[in-house]
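Only heavy atoms go into these numbers, but all of them, side chains included; no hydrogens, no water, no symmetry mates.
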2 protein chains.
Amino acid sequence: MTLDTSKVSIKTSLASLFGKNLYEVDGDQLFLDELSQCAQEVTVREGSYIFKEGDPSDYVYVAISGAIMLERSTSKGVRHVFAFLFTGNLLGLSEFSVYSFSAKALNNVTVIKMNKKIIQSIFDRYPTIAKRFHQFTTHVLHYILDQMFIMGQKTAHQRLAHLILDMAHRIGHGTNRFFLPMGRQDIADYLGMSLETTSRGFSHLKKQGIINIENNYKITVLDSAALKEFADI
Amino acid sequence: MTLDTSKVSIKTSLASLFGKNLYEVDGDQLFLDELSQCAQEVTVREGSYIFKEGDPSDYVYVAISGAIMLERSTSKGVRHVFAFLFTGNLLGLSEFSVYSFSAKALNNVTVIKMNKKIIQSIFDRYPTIAKRFHQFTTHVLHYILDQMFIMGQKTAHQRLAHLILDMAHRIGHGTNRFFLPMGRQDIADYLGMSLETTSRGFSHLKKQGIINIENNYKITVLDSAALKEFADI
DNA sequence: CGAGCCCTTGATGCATTTCAACGAATGTGG
DNA sequence: CCACATTCGTTGAAATGCATCAAGGGCTCG
């Protein structure tokens, strides 16, 4: 169980988690050495689960590459998608003994898998790292609050516009062309609408000349200002 | 700026925050002594704000009595209600420099007001307390996730049924009779629906014999099983 | 008693879901 | 390499849910 912390992809992901200048701070190299002892690089194939709702929450994960979907289902089979995660995002930070949702790989995914108990003990000895970690939790809280706001306030098409803007930002990193890793049904279950409404939303934005769609998944934002206006930001 | 930590109401609230056996743990009396130095009991009149969105987030609050509503407004005047808080709930745990929402007193409220910087320094010296505090953050996360799940749920009336069950649990504490501290508009802005739909939802549940309503605010759950069935849990 | 506030109820139109059919892309076996 | 099945997305039509507009009722307080 060792982790190559000199690998660029891993560096990038850890930096986005614990702070950009992680490798510059005094004593952090020690932390990284310890981390590499309790961490492990794992690949997960498209469609399979990193962990499932109800599994003992023994590990914390950091996404290195690929796209992950957090979902939960009711006993009656109704599904809800909580989030889409990408490089640098953290999974499984529950304080509870079991995960309260499942994490599904939308494509081939690599993650860093860290033993929660060991990482906890590391945190006890590196309070600066622990603080950064907990700051991350409140950032997540902040993000979810925004998401809740969107869920409550917007019409279905506006919510979709907001998702596209979010994806353009998180996947496209500023460029206006990106590849959606999830299907229409996933988006529908994320935004709380039907599959058909999602599809109509895409079609509508395309007809308006605001976005372009190739092959269902390849999206280009043609008029970013109009999209923002439409999303009512 | 001193706090009477022997007062029963304060004991109860702190216990619900930091753990039930707070007063029994070794060294925690010391923590409480320090806390009492940086904390203050404050009363807030009905309708006024404990803090507002954009205020510098210098304080953390714990609700002692009364009901609090967390809300946010867009530039265009659209309001969203994030949460209703009661005895023992924590407010203002943002890691950001300003609050990202406002906290309004729904009735006369008393809170413990704690200086964030001082409490932070206390946490540095009492890691056990700090850990409990951060655990609380993830509990909030958990709660909000549930809320998001409900927001994605099918019908408006189902969401309302969820809220009633939640209130029965949190205000009524198991009994089936409780007093709603918020108005129909607040509920509407919380569940992402119109005032009228909220009202119709209440009327519908009343006609079905599932709940009873006196004086608009006094609610009795007559058939808890039916209400759960309706909420589709 | 009247004003003001909040809640309720009704009517109407728009947004969204649901049902259903079709089309595009992908993969499989003959 | 071509039918065929399968999966996923699109589109249309009908039904339903919800918001909006509008009016009325009950409560509280001056």
Would B:Arg72 and B:Phe82 count as a cation-pi pair here, with the cationic atom under 6.0 angstrom from the ring centre and within 45° of the axis? no
If you check the A:Ser194 side chain, which of D:dA19, C:dT16, C:dT17 turns out closest? C:dT17
Checking contacts here: which listed nucleotide (C:dT9, C:dC7, D:dT11) is nearest the side-chain heavy atoms of B:Glu196? C:dT9
Round to a whole Å and report the spacing from [atom1] of [X] to [atom2] of [N].
X: B:Asn216; N: D:dT28; atom1: CG; atom2: C1'; value: 12 Å
X: A:Leu195; N: C:dT16; atom1: CG; atom2: P; value: 15 Å
X: A:Lys206; N: D:dT10; atom1: NZ; atom2: P; value: 8 Å
X: B:Asp189; N: D:dA19; atom1: CG; atom2: P; value: 11 Å
X: A:Ile213; N: C:dA25; atom1: CD1; atom2: P; value: 13 Å
X: B:Gln153; N: D:dG17; atom1: CD; atom2: P; value: 15 Å
X: B:Arg159; N: C:dT16; atom1: CZ; atom2: P; value: 12 Å
X: A:His157; N: C:dC14; atom1: NE2; atom2: P; value: 16 Å

If we check ring-ring contact (aromatic ring centres under 6.0 Å, His included) with A:Tyr99, which of these qualifies: A:Tyr59, A:Tyr49, A:Phe51? A:Phe51
Indicate, yes or no, whether a donor-acceptor pair under 3.5 Å links the base of [N] to the side chain of [X].
X: A:Arg200; N: D:dG9; value: no
X: B:Arg184; N: C:dT9; value: no
X: B:Gln185; N: C:dC7; value: no

So what does [X] hit on the nucleic acid, given a heavy-atom distance under 4.0 Å: a base, only sugar-phosphate, or nothing?
X: A:Ser203; result: sugar-phosphate
X: A:Ser199; result: base
X: A:Thr155; result: sugar-phosphate

Please report the closest heavy-atom contact between [X] and [Y], naming both atoms and the distance.
X: A:His80; Y: A:Tyr190; answer: NE2-O, 3.9 Å
X: A:Met193; Y: A:Ala156; answer: CE-O, 3.2 Å
X: A:Pro181; Y: A:Asn107; answer: CB-ND2, 3.9 Å

For D:dA19, does either OP1 or OP2 sit under 4.0 Å from a side-chain N or O belonging to B:Thr197? yes
Is there a side-chain polar atom (N or O) of B:Tyr217 under 4.0 Å from OP1 or OP2 of C:dC7? yes
